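Notes to accompany the following structure.
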Amino acid sequence: MKKEKILKQIDRLKSIAIAEGIDLSSEINKLRAMLELESDDFQKEKQMKEVWEIVQNSRKIERPKPQDFIKNFIEDFIELKGDRRFGNDNAVIGGIGYFDKYPVTVVGIQKGHTLNENIEYNFGSPHPEGYRKALRLSFQAEKFTRPILFFVDTPGAYPGIDSEERGMAEAIAENLYYLSDLKTPIISVITGEGGSGGALALGVSDILIMMQNAILSVISPEGCASILFKDSSKAAEASVSLKLTSFDLLNLGIVDKVIDEGPGLEVNPEIGYKNLSEQILTSLQYFTSLSSRELVEHRNQKIRKIGYYKDTTGYLKKGISNTRNFIYDLFKL
Amino acid sequence: MKKEKILKQIDRLKSIAIAEGIDLSSEINKLRAMLELESDDFQKEKQMKEVWEIVQNSRKIERPKPQDFIKNFIEDFIELKGDRRFGNDNAVIGGIGYFDKYPVTVVGIQKGHTLNENIEYNFGSPHPEGYRKALRLSFQAEKFTRPILFFVDTPGAYPGIDSEERGMAEAIAENLYYLSDLKTPIISVITGEGGSGGALALGVSDILIMMQNAILSVISPEGCASILFKDSSKAAEASVSLKLTSFDLLNLGIVDKVIDEGPGLEVNPEIGYKNLSEQILTSLQYFTSLSSRELVEHRNQKIRKIGYYKDTTGYLKKGISNTRNFIYDLFKL
Amino acid sequence: MDKLPDSIKKLFVSKDNSDKTLPDNLFVECPGCQEIVYRPKLEQNLGVCPLCSYHFRISVDEWINFITDANSFLPLFEEIVSVDPLNFPGYREKLESLYKKGLNEAIRTGYARLDGIKILMGIMDSEFIMGSMGSVVGERVARLFEQGMNENLPVIIISRSGGARMQEGVVSLFQMAKTSAAAKKFSDSCNLFISILTDPTTGGVSASFSFLGDIIIAEPNALIGFAGQRVIEQTIKQKLPEGFQRAEFLEKKGFVDFVCDRRKLRETLVKILEIHRYRR
Amino acid sequence: MDKLPDSIKKLFVSKDNSDKTLPDNLFVECPGCQEIVYRPKLEQNLGVCPLCSYHFRISVDEWINFITDANSFLPLFEEIVSVDPLNFPGYREKLESLYKKGLNEAIRTGYARLDGIKILMGIMDSEFIMGSMGSVVGERVARLFEQGMNENLPVIIISRSGGARMQEGVVSLFQMAKTSAAAKKFSDSCNLFISILTDPTTGGVSASFSFLGDIIIAEPNALIGFAGQRVIEQTIKQKLPEGFQRAEFLEKKGFVDFVCDRRKLRETLVKILEIHRYRR
Ligand SMILES: [Zn+2]
Ligand SMILES: [Zn+2]
């Protein structure tokens, strides 16, 4: 450890200074500055390791997938398939059943525990028809004022020729559009990997819950690294910058609740299941008590206020429309 | 003419009877009965020729097609394409523009005047995405409370593998479902061939108008003949039974207005255009004056009352639920 | 089959038993596995082959027996009967002969109970002019939805139809619009419509109320579609692929919620009704 | 091009002018037809090659000049500026250098008039971090819709973006939800939103407000889609077909209402606005 070497060196200089009665304070201060720097790097290194472990855990094949949450939580589950337009997407599972005593509509993204399952579920990457199925079932839930549970674990919407041909962008946009105004409670849980727009399409909700070791990111760390460092192997470094962990996102005001996983879902899911189950129950109790108007207003306000920017109005004289120079100056402040 | 032969024979018998003083009345009566029968056949033959001519006219390649009506009627037409789900169906043209001073949404089925056009327009047979485009534009019209004009000329929805794969039945059903409740005026005009469910999907309306020589049928006369007579060449005969002409359908209470074509649209469209244009204008004036509630109620009542059946309630004793024998007896009355 | 003595062979239905309903003979040859099935056993099994799960077409009475609570079916709208608005060749005679046989139109409608839950039910009858929809079917379906709306009851319809009834011409075509409009009003009352598609559901029935269910369930291997297979083959001039327009195909294409074995149907319906809070 | 003397060649842009915006040189080589075009002529032609109709990318100021009535553009929401919520490496420096260049975020929003008709307009700026949507773009778009709703004005947005802004992480991801929710509320006020997709419109912008227009117009040959072409190629391990994700492809696939030549855009927009009764 470089850090310990420096500490030793400082100690050595101190004893020399005392023993020989010379002033070595400037040398010692230099070493102290080095130490501080070294410590930052150390902290960074440590943080990087931690974050990268979370990223890797979130993707572990042993980790419970949305379909496992459904199996565990939902009684009398009846699967409902298809988008009534083009196809049934195996990457998305939807249906109805009971959570506790509440009839609910459930939609999850399926990810495999084996290669064969992964092939069947397209590795948890939905096509547009998957999102359209989710939206169809959401409208059905609205008709019967049935709360909706979304369980999300996806590397992202599938980037393929067929996906684009059938309008992936339009499909995600429509989900965001209609879910924002859906007159029934929506509870969304990021259980593993929350990959960009493909996860957000099932993330518009009254309460956004994240499992402790789940991630949610605008871009995969690998993708970010290859853009940022022109080197996708620097994904661990990028993962820190992206602020993709549950606690980062709680701090940023995007995630409403983080669920303690105990030893980690991939090790033993029971504690995580229990904690999540309690959170869902509380949320159902609360949100079903609201009127649909209150509900939609709350959801819209929640979405509306996400964003970090500086409003420089105070600095501006009225009537000045071209604010470019002002802004530049202000930014430096 | 067989009829004239019989008439001559009767005259001959009469003169013999008078000249010879014998009673030939029973022979003469037999001939008269034959004459009457012959006359029925004659009438039938004549009617068949007339109806079959209408069927053939309705399909003539020179006859103006929906796109021609749009060109003639709609100012500042802007075509809007696509169903936002799968594709843009060339068999269906839709857009916005003005009819007189009214902003309207227009949807027509395109049929070719040449083979090349027909190939492009799939001979006027839409795929599911054509009906979904029509529905999308109808919802848009509803949002902006813009009246809708449908111009219909189709042999029917396209019976192909791809059509079935993408849910033709579902697509037509959804049109019927949502159009019945659409909160903006709908004016539907059958301009040529009104082929079954594929025409009906654009026929749910506040006023159903038929051009004089257009047809509207539950099945093509050819299809009917091949089922009924196991011989599709007997289509002319079947076309009479199907009651598919504008006047038949006016009598049956299904069509609200029949438009005088003058010499026939395929000969000179001007008179037909003028008469239709006046009818559309009157309809727009009337239906835009109604509230959306009145409008939808009127449309629903109109659809609701189509149907011919016998309500045998009067004949039944209360409490008798199995009415089978009653019904059989009543039917014979 | 060929190995059997002629005396026993006579007990079986002929292979070209084209309407595929449960035959009256004591033994039946299963079109699914070509094995010989003892008829009472088949009936016990709700008309599903115990060997290969082939789903035989069953009659309206059998549907009522298999699905609803005993003696719970209470017919509605049977007083509405067909006339011949077009004076269509042979239609009147056809209707008379069907009534004579004791049939009551191509759909039977009524109240029923499923595990005690009150519902409104419609069951189409393919023996009545191929289950085609004329004015009476249209009227009964519309009234069923209206009744459901007024009494806040769920509607379940078991479809089986060749489509619109040619013999009533455009009048029958408009029953598609009438039933769809009624389904819309019913839906706006926030009640549940479960549509069950059985072999075959095509044409004007599939293109109207049958595909407007909140939940659409299909029977295994049922033929479901808009256009008839012969018409499609004639149009595209090629053979249709294996499994085309079958229930499993439609499930894959996203148009039915699931395919359900008839033996699981009743319990599934009860579960769905309960989730929709119809048990009071 | 090769036949020209070097002294003139210098006047031209290099072929790898990757952002394809109108260059400042006096002569331009058209990427569409490889012919040499005189720059003032190109500008007169709204940045469309007079020879082959290739649509050059044009700047925000050019868009304003080409589309809106003279001096009608009145900026809104320019007081909202970016911060660096994630402390993302290099982001602060990048923003500073862009502001120094006089750019004001990846979208400019304001009032404008088209042939006298008052509208609200947003024009994205691909020079600003590839037109990516961070908090400021999201906020400005949301406010634009809100302003439109409050004043019953139509909204027209010209999109050109690489997607969400990586440097703002999940905060930028949620701008998709924010702008889409705002579009929904705006739509419920029954006002008109025309979305114009220009080269390129991808990622988080295409998957939110850009595809939520009542009417969606695309510029010829514009790249429009969700996933980037390189990502798709890496995923499916094959080359993409000719014309894939281009405006004409999207029109064929049913996702844009029509492709419109830039020289016809203004009159088309005016017609659409008039049909929607915005001329008062
Ligand atoms: Zn069998
Ligand atoms: Zn050029």
Side-chain angles (χ1 to χ4, degrees), chain B residues 157-161 163-174 176-181 194 196-197 200-201 203-204 216-219 223-224 227-228 241-244 248-249 252 254 299-300 303-304 306-313 315-316 321-325 327-328 330-332, chain C residues 74-75 78-83 85-86 88-89 95-96 99-100 102-104 135-136 138-139 142 164 166 168-178 180-185 188 202-204 206-212 224-228 231-232 235-236 240-241 244-245 253-255:
Chain B
Y158 186 67
I161 291 180
S163 280
E164 296 290 321
E165 279 179 341
R166 296 198 291 277
M168 183 60 91
E170 197 271 352
I172 293 175
E174 282 228 318
L176 305 178
Y177 184 79
Y178 287 113
L179 291 180
S180 79
D181 190 47
S196 192
L200 181 69
V204 172
L216 176 59
S217 186
V218 68
I219 186 173
C224 177
I227 293 172
L228 212 62
S241 306
L242 285 166
K243 303 277 190 291
L244 46 64
D248 286 331
L249 294 167
L252 281 166
I254 285 166
R299 192 185 308 143
N300 268 280
I303 297 165
R304 182 68 187 81
I306 294 177
Y308 288 83
Y309 55 86
K310 189 152 51 179
D311 190 329
T312 59
T313 312
Y315 302 95
L316 295 173
S321 62
N322 190 331
T323 57
R324 285 174 188 180
N325 294 324
I327 289 163
Y328 175 58
L330 290 165
F331 192 78
K332 284 198 296 189
Chain C
L74 184 71
E78 297 212 336
E79 67 278 12
I80 302 165
V81 297
S82 286
V83 295
L86 269 49
F88 197 93
L95 288 172
E96 285 195 29
Y99 287 140
K100 230 179 234 168
L103 299 172
N104 181 327
S135 299
V136 171
E139 185 66 23
M166 185 179 71
E168 294 188 19
V170 179
V171 175
S172 93
L173 187 66
F174 268 80
Q175 303 311 307
M176 293 168 65
K178 185 199 272 187
S180 301
K184 178 70 171 78
K185 282 189 151 184
D188 289 346
T202 59
S206 68
S208 62
F209 65 89
S210 289
F211 263 115
L212 295 172
I224 301 160
F226 181 60
V231 176
I232 298 174
T235 306
I236 63 171
L240 297 173
F244 179 67
Q245 289 187 326
K253 295 296 176 188
F255 292 100

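All values below come from the heavy atoms of this structure, side chains included, with hydrogens, waters and symmetry mates left out. Fair warning: this is a prediction, and the values are worked out from it, not measured in the lab.
In this structure, no portion of B/Leu179 lies under 4.5 Å from any heavy atom of chain C. With a 4.5 angstrom heavy-atom cutoff, B/Leu216 touches chain C via backbone and side-chain atoms both. Only the side chain of B/Ile219 comes within less than 4.5 Å of a heavy atom of chain C; its backbone N, CA, C and O stay farther away. Only the side chain of B/Leu252 comes within contact range of chain C, judged by heavy atoms closer than 4.5 Å. Contacts between B/Leu200 and chain C at a heavy-atom distance below 4.5 Å involve the side chain alone, from C-beta outward.
Take B/Glu165 and apply the side-chain hydrogen bond (donor to acceptor under 3.5 Å, both in side chains) test, not counting sequence neighbours, and it matches no residue. Shown here are the side chain to side chain contact (heavy atoms under 4.5 Å, CB included) partners of C/Ala207, two or more places apart in sequence or in another chain: B/Ala169, B/Ile172, C/Met176, C/Phe226.
Ranking B/Leu249, B/Leu242, B/Leu244 against chain C, the residue ahead of the rest is B/Leu242, based on heavy-atom pairs under 4.5 Å. When the candidates B/Met168, B/Glu170, B/Arg304 are compared by the number of heavy-atom contacts under 4.5 Å with chain C, B/Arg304 comes out ahead.
In terms of modelled atom types and a separation under 3.5 Å, the side chain of B/Ser163 and the main chain of B/Tyr158 share a donor-acceptor contact. Side-chain atoms of C/Glu168 do not come within 3.5 Å of backbone N or O of C/Phe88 as any donor-acceptor pair. Between the B/Ser196 side chain and the B/Val218 main chain, a donor and an acceptor come within less than 3.5 Å of each other. Judged purely by atom type and a 3.5 angstrom limit, B/Asn300 has no side-chain atom pairing as donor or acceptor with the backbone of B/Asp181.
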